[in-house]
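Have a look at the structure below before the remarks.
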Amino acid sequence: MRISDEVHRQLARRFEVLLPHLNERQQRLALATEARLLGHGGVRLVAQTAQVSETTVRKGVFELEAGVEPLPEGRARRPGGGRMRAEAVDPHLVPALMALVEPDERGDPMSPLRWTTKSLRNLAAELSRQGHRVTAPTVGRLLKEHGFSLQGTAKTLEGDQHPDRDAQFRYINEQVKEHQAAGEPVISVDAKKKEQLGLLPRAGQEWRPAGQPIEVEDHSFFAGPRVQTVIPYGIYDMTANTGWVNVGVDHDTSAFAVASIRRWWQARGRHDYPAASRLLITADAGGSNSYRYRLWKAELAAFAAETGLTVTVCHFPPGTSKWNKIEHRLFSHITMNWRGRPLTSHEVILNTIAATTTQTGLRVEAALDHGSYPTGIAVSRDQVQALAITEHADRGRWNYSIAPTGDTAAAPRSDERATARAQALQMLADSRLTGMNTDELDALRARLAPDQKARAEQRRYVLRGGRRVATTGSNRALLSDADEVLITVAYLRQVCPQKVLCDLLGINPVTIGQAIKATRQLLDEHKVSITPTIARYFTRAEDLRTWATGSAPAKHTPTTPTRQALTDPTLTGMSREALNVLLEELIVPYAAAIEQRRHRQRGGNRLPGTRGGVFRQKITDGDRILATILYRRRVCGLGSLAELFGVSRSTLWNAINDALPILDAHHVTITPAEHQHTTTADLLASINEPHTDDHKNEHG
């Protein structure tokens, strides 16, 4: 029987409306019902209209004729249908998977995926390589069934807690309550993360017209080497709930930290607390306000002397900086306020910080600090011990008070230290110390200046890892290129060791050592030779200052007076002027011979990083030659000479063996002394005091 077109159209309309709402079995039975009603040719017509296989329609007809029971709710097929699961076919699949996702606990610690991202695709590939045929979706299903899920890291481990952690927290709380009850100011201080200026990407989002985001650089390091940076240092008044942020543009040093506190006191503190006599500061254990830094304590002592306040500092234990009030009372709100907003200028930073408020009434002020705070400033242990610092009975390392002594000389400010450093550099430029006049020294500085600038840029490039990013917007080094040349000349002249230069200039040994090392390499490249002086006269900064100011007689007196006494003409057999000429003639070839011997001993050039100082031992090259002259004159025995020079017999014997060939090569005639002294006391008693004219000849 032919089926009419109208019936075909009605059938297509029913299928279009009904089939999308049915599952697989329901669709099959509905199609079979229509096919049975149409009779002969109904299976083909229904299959063509519904665009399914005739086999599917015919299967539904068979199910209707067989009178199958309805399936349970939620099921489209009878239980047991389809392929077996992968874990049923391969019983070793799940253990192999667990060994990959937890190699340290369950499986092989040398698993190939131990250091690889364990994505579903990587896990499936590794299982297939081991002979377990499985797909990524199946791996995901197995992991979920065994209690796995995608997870990140959780910041819950705090490491080993300091044994005094809780006790320090309670002590800080007691100090805060006591100061607040007395109406004294209590502040929390810390430095915020350094920020770069420019159209740089920032975390967070901000409401803007749809499709109009702020366009920024792809990466921060594309900003170039001259990008400006700022260092926000915050002071949070815990009593008044106010913040004050000093935005620096140089370095985050202890001097900058105390300068920020000083600026807060001048701008807000003294007005909010006019009757204050004490100030409590809570700070972290590290950073620029670390309890280990002598400069931090010295600057606070200068601040206390200026303001008349007794400054008490309580440091949080190491690893607990987030407990400092400023972190979640001030810095967190500033970060939220400038989220998703590029910090394009100093004005943007200041206004954004000043606009930070909270529902609890937080008010914030900000100021820009153009001051210079170079790194490398050192404060000696003796200088700190001279300050009026009293450690508390409880954990005195973290809790201490600084009294306002009023003696600014004992606690100089940073600008006063800079003035003293400039005076010390001027003193080192004395021609009697450098061995060259002003014009010669300036010419040497000008000769090395281009290479110094190029090497400094190369050093910054290496520190940046090849990326053109600057750490600060300007280069404010503690020592200029000219200053580095000067201290290197003084060091190579053996005027004094590095320790004396550190004490004299108030600079740490690392800064001094790096400056001397870099400048010495340039001198070697330019083939500039610096002739050492006869002896190392100054082993203390006080001796050098005394000699330079002329407060003592015109003596160039060493710390150990026997060195000068040993140059007596009755011992050396020649005048001090002749001895001076001889030593200046021999000291350079002697140093060259020593370097040749060491080159042979180590089998090549000096390795990078090995020591190359000019004060390698307790006596200088000049002392060694002098000791050799005295030994050849037989003024005393080897033991007495070793005692006079303050070295061991073996050290002195090695020095004599090195110097004797130099004396012979230059045909230096040494006549034996008329009398040989048996003891050092006998030798010193026999010599005369050095004359003033002799000193003038040596150093004039």
Side-chain angles (χ1 to χ4, degrees), residues 250-259 288 290 292-302 371-387 409-430 433-434 441 445 448 452 455-456 459-460 463 471-472 474-523 536 538-545 548 611-615:
D250 193 25
H251 295 94
D252 182 19
T253 63
S254 297
F256 170 67
V258 177
S288 57
S290 171
R292 298 184 181 90
Y293 288 172
R294 300 171 187 166
L295 182 59
W296 159 256
K297 297 179 180 179
E299 290 288 338
L300 281 180
S372 176
Y373 305 99
T375 59
I377 298 177
V379 177
S380 66
R381 190 183 304 273
D382 294 338
Q383 291 174 326
V384 173
Q385 292 176 351
L387 301 177
R413 290 178 45 170
S414 296
D415 52 353
E416 297 172 347
R417 289 193 182 92
T419 301
R421 186 163 51 252
Q423 294 174 351
L425 290 170
Q426 184 178 2
M427 178 183 64
L428 287 176
D430 192 310
L433 300 179
T434 61
L441 182 60
R445 288 169 167 171
L448 301 181
Q452 285 180 304
R455 180 157 296 189
R459 183 169 63 250
R460 287 192 292 269
L463 291 176
T471 55
T472 56
S474 57
N475 182 18
R476 302 182 179 183
L478 192 62
L479 293 172
S480 65
D481 292 344
D483 297 336
E484 292 184 357
V485 174
L486 175 60
I487 63 174
T488 304
V489 170
Y491 176 72
L492 296 179
R493 287 270 297 168
Q494 300 187 12
V495 172
C496 59
Q498 290 188 22
K499 183 180 183 301
V500 175
L501 291 174
C502 295
D503 296 340
L504 190 67
L505 301 174
I507 301 177
N508 63 41
V510 176
T511 302
I512 291 284
Q514 290 177 346
I516 292 177
K517 179 180 178 181
T519 309
R520 188 177 181 183
Q521 291 176 351
L522 293 180
L523 290 173
R536 189 203 320 179
F538 302 108
T539 56
R540 296 191 308 167
E542 291 76 8
D543 297 336
L544 183 53
R545 290 193 187 97
R611 294 191 61 188
V614 297
F615 299 123

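All residue numbers in this chain count up from 1 along the given sequence.
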Taking atom [atom1] of [X] and atom [atom2] of [Y], what is their separation to the nearest 0.5 Å?
{"X": "Ile487", "Y": "Cys496", "atom1": "CD1", "atom2": "SG", "value": "10.0 Å"}
{"X": "Leu522", "Y": "Gln452", "atom1": "CG", "atom2": "CD", "value": "6.0 Å"}
{"X": "Ser288", "Y": "Trp296", "atom1": "OG", "atom2": "CH2", "value": "7.0 Å"}
{"X": "Leu544", "Y": "Asp503", "atom1": "CG", "atom2": "CG", "value": "11.0 Å"}
{"X": "Ile377", "Y": "Asn508", "atom1": "CD1", "atom2": "CG", "value": "9.5 Å"}
{"X": "Asp252", "Y": "Thr375", "atom1": "CG", "atom2": "OG1", "value": "11.0 Å"}

Can you list the steps and then say if Arg417 with Leu295 is a side chain to side chain contact (heavy atoms under 4.5 Å, CB included)? CA-CA 11 Å; Arg417 289 193 182 92; Leu295 182 59; 3.8 Å; yes
Exam field: side chain Glu299 to backbone Ala255, donor-acceptor pair closer than 3.5 Å: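 Judged by distance alone, no pair lies under 3.5 Å.
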Can you check whether Ser380's main-chain N or O pairs, donor with acceptor, with Gln383's side chain at less than 3.5 Å?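 Here the side-chain-to-backbone pair exists.
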Find out whether [X] and [Y] are in side-chain contact, i.e. whether some heavy atom of one side chain is under 4.5 Å from a heavy atom of the other.
{"X": "Leu486", "Y": "Thr434", "value": "yes"}
{"X": "Cys502", "Y": "Ile512", "value": "yes"}
{"X": "Val500", "Y": "Arg540", "value": "no"}

Minimum heavy-atom distance between [X] and [Y], given as atom pair plus value:
{"X": "Tyr373", "Y": "Asp250", "value": "N-OD2, 2.5 Å"}
{"X": "Arg493", "Y": "Leu433", "value": "NE-O, 3.1 Å"}
{"X": "Ala515", "Y": "Leu479", "value": "CB-CD1, 4.5 Å"}
{"X": "Pro374", "Y": "His251", "value": "CA-ND1, 4.1 Å"}
{"X": "Thr511", "Y": "Gly376", "value": "OG1-CA, 3.4 Å"}

Suppose we screen for salt bridge (charged side-chain N to carboxylate O under 4.0 Å, His left out). Which residues come up paired with Glu484, at least two apart in sequence or across chains?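 Glu484 satisfies salt bridge (charged side-chain N to carboxylate O under 4.0 Å, His left out) with no other residue.
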Would you please name every residue forming a salt bridge (charged side-chain N to carboxylate O under 4.0 Å, His left out) with Arg445, sequence neighbours left out?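 For Arg445, the residues satisfying salt bridge (charged side-chain N to carboxylate O under 4.0 Å, His left out) (neighbours in sequence not counted) are Asp442.
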Test side chain to side chain contact (heavy atoms under 4.5 Å, CB included) applied to Ala424 - qualifying residues, sequence neighbours left out: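 Applying side chain to side chain contact (heavy atoms under 4.5 Å, CB included) to Ala424 gives Leu504, Leu505.
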Audit row: Tyr491, Gln498, side chain to side chain contact (heavy atoms under 4.5 Å, CB included) steps and yes/no: CA-CA 7 Å; Tyr491 176 72; Gln498 290 188 22; 3.6 Å; yes
Please name the residue in the list Thr488, Leu428, Val495 that meets the side chain to side chain contact (heavy atoms under 4.5 Å, CB included) test with Leu501.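 The single option meeting the side chain to side chain contact (heavy atoms under 4.5 Å, CB included) with Leu501 is Leu428.
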Within a reach of under 6.0 Å around CD of Gln426, are more than 12 heavy atoms found that belong to other residues, nucleotides or ligands?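 Open.
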Going through the distances and angles, do Leu478 and Arg421 end up as a side chain to side chain contact (heavy atoms under 4.5 Å, CB included)? CA-CA 10 Å; Leu478 192 62; Arg421 186 163 51 252; 3.3 Å; yes
